[in-house]
Amino acid sequence: MSENFELALQLLGIGMGTVFIILFLVILIGNTIIKFVNRFIPEAQKVIRQNVTSVLGITSPEKMAAIVSAVQIVTGGKGKVTSINKE
Amino acid sequence: MSENFELALQLLGIGMGTVFIILFLVILIGNTIIKFVNRFIPEAQKVIRQNVTSVLGITSPEKMAAIVSAVQIVTGGKGKVTSINKE
Amino acid sequence: MSENFELALQLLGIGMGTVFIILFLVILIGNTIIKFVNRFIPEAQKVIRQNVTSVLGITSPEKMAAIVSAVQIVTGGKGKVTSINKE
Amino acid sequence: MDILRKLYDMTAFSNLLENPAPLLMLFVGVVLLYLGIKKQYEPLLLVPIGFGVILANLPGAGMGIVPGEFIELGDHKYMNLFEIAHEYGIMNFLYYSLIKTGLLPPIIFMGVGALTDFGPMLRNLKLSLFGAAAQLGIFSVLLVAIAAGFSPKEAGSLAIIGGADGPTAIYTTIILAPHLLGPIAIAAYSYMALVPVIIPFMVKLTCSSKELKINMKEQDKLYPSKNVIKNIKAVKIAFPIVLGIVIAFFVPSSVPLLGMLLFGNLVKEIGANTLRLSDAASGPIMNAATIFLGLTVGATMTSDVFLDFKTIGIIVGGFFAFAISVIGGIFLVKGYNMFSKKKINPLIGATGLSAVPMASRVANEIALKYDTKNHVLQYCMASNISGVIGSAVAAGVLISFLG
Amino acid sequence: MDILRKLYDMTAFSNLLENPAPLLMLFVGVVLLYLGIKKQYEPLLLVPIGFGVILANLPGAGMGIVPGEFIELGDHKYMNLFEIAHEYGIMNFLYYSLIKTGLLPPIIFMGVGALTDFGPMLRNLKLSLFGAAAQLGIFSVLLVAIAAGFSPKEAGSLAIIGGADGPTAIYTTIILAPHLLGPIAIAAYSYMALVPVIIPFMVKLTCSSKELKINMKEQDKLYPSKNVIKNIKAVKIAFPIVLGIVIAFFVPSSVPLLGMLLFGNLVKEIGANTLRLSDAASGPIMNAATIFLGLTVGATMTSDVFLDFKTIGIIVGGFFAFAISVIGGIFLVKGYNMFSKKKINPLIGATGLSAVPMASRVANEIALKYDTKNHVLQYCMASNISGVIGSAVAAGVLISFLG
Amino acid sequence: MDILRKLYDMTAFSNLLENPAPLLMLFVGVVLLYLGIKKQYEPLLLVPIGFGVILANLPGAGMGIVPGEFIELGDHKYMNLFEIAHEYGIMNFLYYSLIKTGLLPPIIFMGVGALTDFGPMLRNLKLSLFGAAAQLGIFSVLLVAIAAGFSPKEAGSLAIIGGADGPTAIYTTIILAPHLLGPIAIAAYSYMALVPVIIPFMVKLTCSSKELKINMKEQDKLYPSKNVIKNIKAVKIAFPIVLGIVIAFFVPSSVPLLGMLLFGNLVKEIGANTLRLSDAASGPIMNAATIFLGLTVGATMTSDVFLDFKTIGIIVGGFFAFAISVIGGIFLVKGYNMFSKKKINPLIGATGLSAVPMASRVANEIALKYDTKNHVLQYCMASNISGVIGSAVAAGVLISFLG
Ligand code: NA
Ligand code: NA
Ligand code: NA
C-alpha cells in the first residue's frame, strides 16, 4: 500500500507535469503555425473544389428548387432528391 | 528466373486474351439485351413505387421545392436538406 | 417420431397459451400505463432541447423558424427537419 | 496448346461439366430477382437474396456459404473469423460474423422498432389479442411438419414462417436449423410479399359480406371505450420499457429480438434528444444490415442445400402456416362477435398475422370495397403490430423448447 | 401438470427466486432511463446505457456481459469472437469485438474531432493552460483512491472520471480495470450531465462577484494580443497534423484517442474534398458507435458487478475528481491574476474541465448573471477544448504507468 | 531524478534515438497529406492514407501494422481477431478484420457500382474494346518487373497499378503480396490523381492534331449505328445481372470485385424500391470503408516496409504501367482507324485506362482544346467504364495464376 501510495504521489507530479508540458506545447505549436502561415501563406487560396452543384451548374437556390421540382414533376412525384451537397 | 519470365510471357498472352474476350462478351451481351428488350419489353412500365414523398404528405413537387429553397435561402446556400422525415 | 409428435402437441398448447398470456399482458400493461400517466403526468411537458441551430451558424431564431415553418406548412405538420447540415 | 489449357482451367467450365446443378440455382436466383424487381415482392430483401443466390452458385467464385461443420474443430472449438475469411472468402466471413452469430436480425429489429408507432395499438389495446390468435399457423404447422418427418428443430424453423416476420424467421432458423436458412428466409419473404393475394383469398373463403361491412368507428360510437390517453408521448415512452421487462420474465429467450425492437422504439419516441440514435438505427445501420443479411442468406442457397425435398416441404408448409395464421385471427374475431354486443370486423383478425404495414393496407382496401366509408386501417394496425410481438414470443417459445 | 411445469421452466421466475438481485439492477436501469429521458442528462449515452443495464439483468435472457476470465484460455490465448457469440450471445459478441478491443472510444473520438472547432482555442491560445490545471482532480483522486484501498489500476480508472470526458474514461478503464467499466462510465456521463449543477456550485464556493465580472473583451482591448490570424483555414489544417505528431512524441499512449480526434478534425477542416469522410465520421459511424457503446457498457452492469462497495467508492470519488478539476482550473486563474495586469475571468479556469460545450455554456450563463454584457463563451471554449486534450494526455500517462 | 527518468521512459524519444527511420516516414506522411490537401490528389484516399502513415510511425504508439507472420501460428492456424486487438492494438484489429480478409475493396466496389451509370457504355458498346487494350500496361510491366527481380506475386501486385483502379489494386495486392500494400496503394492513387498530367502527356507523345480533331458525333451521323435503345431502364437492370453471370464463368476469381460492383449497380438501377440499399451502399458504407481502408493501408507503411528498394521499383514500374495502358488504348484506336471508314478519336482509347470519371473529363478538355465544338465526354465514358471491368478481369487472371 505505501508503495502504491508513493507511486500515486509520483504520478501526481509526472501527470500534472506532463499535462502542463503538453499544453505549453499546444500554445507553442499554435503560435508557430500561426506565424508561419501569416508569413508564408497569408491569404486563403481559392480551392478548386470538386463542386457537386457547380458540376450541375447550380448557382442559386432558386435553381436548386427548380431542379428539385423538376425531378418531382418528371418522376411523377416518385423521385426524391436525397441530398444535393453544396459546398 | 527464366521460368518466371516464361510465366510472365504466358500471362501477357492469357491476360490480354482474356480481357479482350470478356470485353467482346460485354459488347455481345449488351447488344443481345438491347435487342431482347427492344423486342419484348420496348416500353418502360409504370412502376408502382412505394412513394417516399406521399408518405410525408407532401403532395406536390412545388411544396417540396419550397422547402428546399427556403432552406437554401435562409442558410445562405450553406445548408442542405439531408432528409425530411415524417413525424 | 411419436415422441416428437407429443412434443409438438405440447408446444401447440404451451405456445398458443404463452402468446395469449403475453398479449393479455400487453393489454394490461398498456392500460395500466395509460391510467398511471393520465393520473400523474396528464400533460406533456415542454422539452428543453439541445439546440442544433447554433452549431449551424444560423444566428437568428427567425431564420430557423422560417425553415421549420416552411416545412411545417408545406407538409401539413407531418414533416420535420431532422438535420440541416452546414458545410 | 499449353496456354489454352491453362486458360480453360482458369474458367469455371470444368466445374460446370462436373456438376451442372449450380446452373439451376442461377435460374432460381434470376427468378428471385424477377420477383423482387418486376413483381416488387419485398424488393429490399428479395433483390439481395436473389443476387446472393447467384453469387453463391457461380462455380469457382468461392462465394457460397459452407456448412457449419466445415468450421467446427470439435470439442466446442471453431475456426476463428480470420481463418474463415482466409479459407472460405468474404461471404463466409460476413455470414459467420454477422448471421451465424445471430447479430443481424436483432439489429434489424432495432431499426424496425425505430420505425414502428405503437400509437394505433395503444388506442385499441383490446385488438392486440388477435395478434395472438394469428400465431396459430406456427404451432399447427409445427405439428404437421413433425408428422411429415421433419426433425423438431427443422419443423420449428419451418413453422415460424407462419409468423410472417422476416427477421424473426431468420433468427429462429439460425438457432434451430441453420442449414435451412436460405429456403426458409425466401419462403418467409415471398409469402409476406404475397400478403395482398393470401389475405383476400383467406378472407373470401371465411367471411361473409355482412361481417366485412362491420364499421369499427360506428361500433366505437355505439360502445365507447373508457380510456382516453391524455399524454400519448409519456405513454409511448413508458410502454416499451415496461413491456420489455415484463415479457422478458415470461419468455426470456425472446429478449434479443423484442429487446432490440423496444430499444429502437424507445429512442424514436424520446424524440429530439436521441434523434441521432433513432436516425442511425432506422437508417444506415438497418440498411447496411439488410444488404449483408440478404446477400449472405441468399449465399447459403448452394445447389446441394436447396435442391432437396425439404425445400418443397418448406414451401408448402410455409404457405399453410401463413394461411392458418390468417384464419386463426379471423376465427377469434368470429368467436368474440358471438359473445359481444360490440362487433369487430374480421379483417382485424386477419391482420394479426403481422407483415406490417402491408397486411393492414390490404385489409383496409378490402373493407373499402364492401363499404367505401369503412376505413379500418388504424384498427388493423393494432392487431398487425401486436402480431409482431406475438411471433417474437412464439419464436422465443420454440427456441426455449427446441434450441 | 407437466406442461405447466415446462412453461414455468421456460420463464425467468425460478432464476428470480434463486437470486432476486437483478430486480434491483432493473430499478437502476429504469433510474438511468429516467435521468436520460426526463432529466435529459446526456440522453445520447444514458438512454442506451440504461437500456443495456435492463437487458443485462433480465434473468435468462443471456444479455449480460460475462467477466473477462470467462473467455481467457490461459497462456495468452482467448476464445475467438465466433465462439464468444456462440457461447455467450450477441451482447458479449459486440462487447468483446467493439469495446474490449478498445475500438469504439477512438472511433467516437474521430467523430468528436469532426464536430470540434479549434478556432476559439487558436484565437486564445494562452487560455489552453487552464485545460491543464483542470486535470488536477484526476491525479489527486488517484492518490486518495489508492489510499482508500483501490488497486492502482482501479484507482486510475476511477480518477479519470475527473477528466470529464466519456470516451477517454471508457478507453482508460477498458485497459486498466474493465470490471469497473459500467459504474465508471455511468459516473462519468452522469457528472458530465450534472455540469450545470457542479460548476455553478464550485464557482460560488471559490469566486468573488468581482472576479466573475471580469470582462474578457475589455481586457483584450486594454492589453491586445499581438497575433492576428490571417489565414484561419490553413492554420486549422496544419494544427491537428503538427499537434498530433508532437504530442505523440511525449505521450505515445495517448495516440489512439488523440490521433483519431485530430484525424476527424483534419478531414472536417479540409472541407469539401473530404466531406464524405467527415460526414461519415461524425454521422453514421459515431451514431452507430454510440448505440453499441451505450448498450454494451450498460450490459456490463450485472448485479454481482454493480452491487459492490467499489461502486460507492466510484460514485463518491468521481464527484470529488470532478470538483477538484474545476477548482484546479479556477485557482490557476487566480494565481495568474495575481501576477498579470491582464486579468482573466475565473470561469475560464472552471471550464478547463472539458465536458464540451456544456461547461462553456454554463459558464457563460453565470457570467451573464453577474453582468448582462459579459459574454465569455468563446474564451471558455478555448480552455474547454484544451481540457479534452488535457484529459487524453492524462489518460495516456495513467496507461503508460499503470497499464 | 527517478521521476524524470520515468517521464523520459514514457516518451518516445528513446525509441527515436534507437531508430530514427520513422521520422523519415512522418515526412512521407506529411507529403502525402500535402498532395491530398493542397494538390487535391484523390483527397478521399490520400488524406486517410497519409494520416495512417503518420499514425503508424509515431514511435511507441503501437498503431503500425505488423507483418502477417506475426499472427501466423503455423499449421494453417492464425491468432484470432480478439487476440490481435489485445496484442497489437486497434489498427491491427481493423487491418486484419477488414483489409487482410479482403473485405473492404469489394465493399467499396459495391458503392462504386451504385454510383456508376452504364448508360454511356451501353449507347456506344463497341468502344468498350478500348477498355481491354488499355490493360496492356498491366501485363507488360508484369514482364518487366519479373525480369527486374520481383517475385511473380510481387510483380503481379506492382503491375495491377496499370489498371488505374484503387480497390482493384488493393484487392489484388492483399491476395498476392500484402507486404507491398502501402506503396502499391499509394502509387495507384497518386498516379490516378496524376491522370490530368499523364494522359495529356501520353496523348501529345502519340497523337496528331488531326486525330484529336475527330468528331465522334459527326462520325455517328455519317455512319449511324443500328441500335436504338427503346427501354433503357430495362436494359440497365438486365445488364449487370447477365454480365455478372457470364464473366464469372470465364474469370471466377474476379467475382468478389465485379459481383459486388454489379450488385451495387443493380440496386441503383432498380430505383425507388431499393433506394435504401443503394443509398447505404454509396453513402455510409462506402464512406466508412474508405476511412478505414485509407487509415489501415497507410498504417502498413512502417519504415522497415517502405524504406526498401522495392518501393522505388513500385513507383517507377507503376508509372510505366500507367503510361503503357494509355498507349495501349490509343494504339488500338489507331489500328482500328486504319481499317474502318468510321473513325474514332484516339482520346477514347486513352480513357480505356479507367480512373473514372477523371480520365474522361481530362480527355474531353483536350478534345475541346483542338476543336471547341468537339465534346467527346460521353464516348470517353464508354471506354472509361469498360476499363474498370477490364482491370477487374485482369486482376482475376493474375490472382488465378499467381495466387
Ligand atoms: Na406474426
Ligand atoms: Na478534461
Ligand atoms: Na483499368
Side-chain angles (χ1 to χ4, degrees), chain D residues 6-7 9-13 15-16 23 26 29-30 33-34 36-38 40 42-48 50-52 54-55 57-63 73 78-87 89-94 97 280 282-292 294-295, chain F residues 71 76-84 96-97 100-107 110 234 237-238 240-242 244-245 247-256 258-260 262-264 266-267 269-281 283-285 287-288 396-397 399-401:
Chain D
K6 283 188 179 171
L7 226 157
D9 288 346
M10 181 186 71
T11 70
F13 296 110
N15 312 44
L16 273 178
L23 287 178
L26 291 179
V30 170
L33 286 180
Y34 176 82
I37 297 169
K38 186 75 190 302
Q40 308 191 49
E42 297 277 335
L44 285 175
L45 262 300
L46 283 195
V47 169
F51 210 91
I54 290 174
L55 288 177
N57 290 282
L58 295 169
M63 301 286 268
L73 304 174
Y78 296 85
M79 283 172 70
N80 69 48
L81 294 172
F82 182 76
E83 289 164 351
I84 291 170
H86 198 76
E87 199 77 37
I90 57 168
M91 266 323 203
N92 282 287
F93 176 65
L94 288 171
S97 51
S282 63
I285 294 176
M286 190 166 77
N287 297 341
T290 304
I291 288 175
F292 294 121
L295 285 175
Chain F
I71 67 146
H76 288 279
K77 304 291 297 171
Y78 296 86
M79 283 172 71
N80 69 48
L81 294 172
F82 182 76
E83 289 164 350
I84 291 170
Y96 280 101
S97 51
K100 195 70 195 301
T101 54
L103 184 64
L104 288 196
I107 296 296
M110 177 169 73
I237 286 174
I241 301 171
V242 180
I245 293 173
I247 293 183
F249 287 152
F250 286 83
V251 196
S253 46
S254 68
V255 168
L258 276 182
M260 293 306 274
L262 297 171
F263 173 69
L266 176 65
V267 292
E269 294 300 348
I270 291 172
N273 278 337
T274 50
L275 193 59
R276 276 180 161 269
L277 306 185
S278 53
D279 276 359
I285 293 176
N287 297 342
V397 172
I399 290 167
S400 300
F401 280 84

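Convention: sequence-line order gives letters A, B, ...; per-chain numbering from 1.
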Using the side chain to side chain contact (heavy atoms under 4.5 Å, CB included) rule, take D/Met91 and F/Val255 through it: C-alpha gap first, then chi angles, then the decisive distance, then the call.
CA-CA 11 Å; D/Met91 266 323 203; F/Val255 168; over 6 Å; no
Go through D/Met286 and F/Arg276 one step at a time and tell me if the side chain to side chain contact (heavy atoms under 4.5 Å, CB included) criterion holds.
CA-CA 9 Å; D/Met286 190 166 77; F/Arg276 276 180 161 269; 3.6 Å; yes
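Of the residues considered (D/Leu295, D/Leu55, D/Asn15), D/Leu295 shows the highest number of contacts with chain F, using heavy-atom pairs under 4.5 Å. Interface check for chain D: of the options F/Ile241, F/Val251, F/Val267, the most heavy-atom pairs under 4.5 Å are formed by F/Ile241. Your options are F/Pro256, F/Ser253, F/Gly396, and the one with the most heavy-atom pairs under 4.5 Å with chain D is F/Pro256. Looking only at heavy-atom pairs under 4.5 Å with chain F, the residue among D/Leu81, D/Ile54, D/Val47, D/Thr290 that has the most is D/Val47.
Contacts of D/Ile285 with chain F are absent, with no heavy-atom separation under 4.5 Å from either backbone or side chain. With a threshold of 4.5 angstrom between heavy atoms, D/Leu46 does not approach chain F through any atom at all. Contacts of F/Ile84 with chain D are absent, with no heavy-atom separation under 4.5 Å from either backbone or side chain. Contacts of F/Ala281 with chain D are made by both backbone and side-chain atoms, with heavy-atom separations under 4.5 Å. Both the backbone and the side chain of F/Thr274 come within contact range of chain D, with heavy atoms under 4.5 Å apart. Of the two parts of D/Leu94, only the side chain, counted from C-beta on, holds a non-hydrogen atom closer than 4.5 Å to a non-hydrogen atom of chain F. In this structure, chain D has no heavy atom under 4.5 Å from any part of F/Val242. Contact of D/Met10 with chain F is made through backbone and side chain together, with heavy-atom distances under 4.5 Å. Interface residue F/Pro284: only side-chain heavy atoms are found under 4.5 Å from chain D. Of the atoms belonging to F/Met79, it is backbone heavy atoms, and not side-chain ones, that fall under 4.5 Å from chain D. At a 4.5 Å heavy-atom cutoff, D/Tyr34 makes no contact with chain F through either its backbone or its side chain. Proximity to chain D (any heavy atom under 4.5 Å) is shown, for F/Leu103, by both the backbone and the side chain.
No donor-acceptor pair under 3.5 Å is formed between the side chain of F/Asn273 and the backbone N or O of D/Gln40. Using a distance-only test at 3.5 Å, with no hydrogens or angles considered, no donor-acceptor pair links the side chain of D/Glu83 to the main chain of F/Lys77.
At least one side-chain heavy atom of F/Leu266 sits less than 4.5 Å from a side-chain heavy atom of D/Ile37. Counting only heavy atoms from C-beta outward, the side chains of D/Ile291 and F/Met110 approach each other to under 4.5 Å.
Ring-plane geometry between D/Phe51 and F/Phe263 is classed as tilted, the angle between the planes lying from 30 to 60 degrees on a 0 to 90 degree scale. By the 30° and 60° cut-offs, the orientation of the rings of F/Tyr96 relative to D/Phe82 is perpendicular.
To the nearest 0.5 Å, atoms CG (D/Leu44) and CD1 (F/Ile270) are separated by 9.5 Å. Note that CD1 of F/Ile107 and CZ of D/Phe292 are 3.5 Å apart. Values are rounded to the nearest 0.5 Å.
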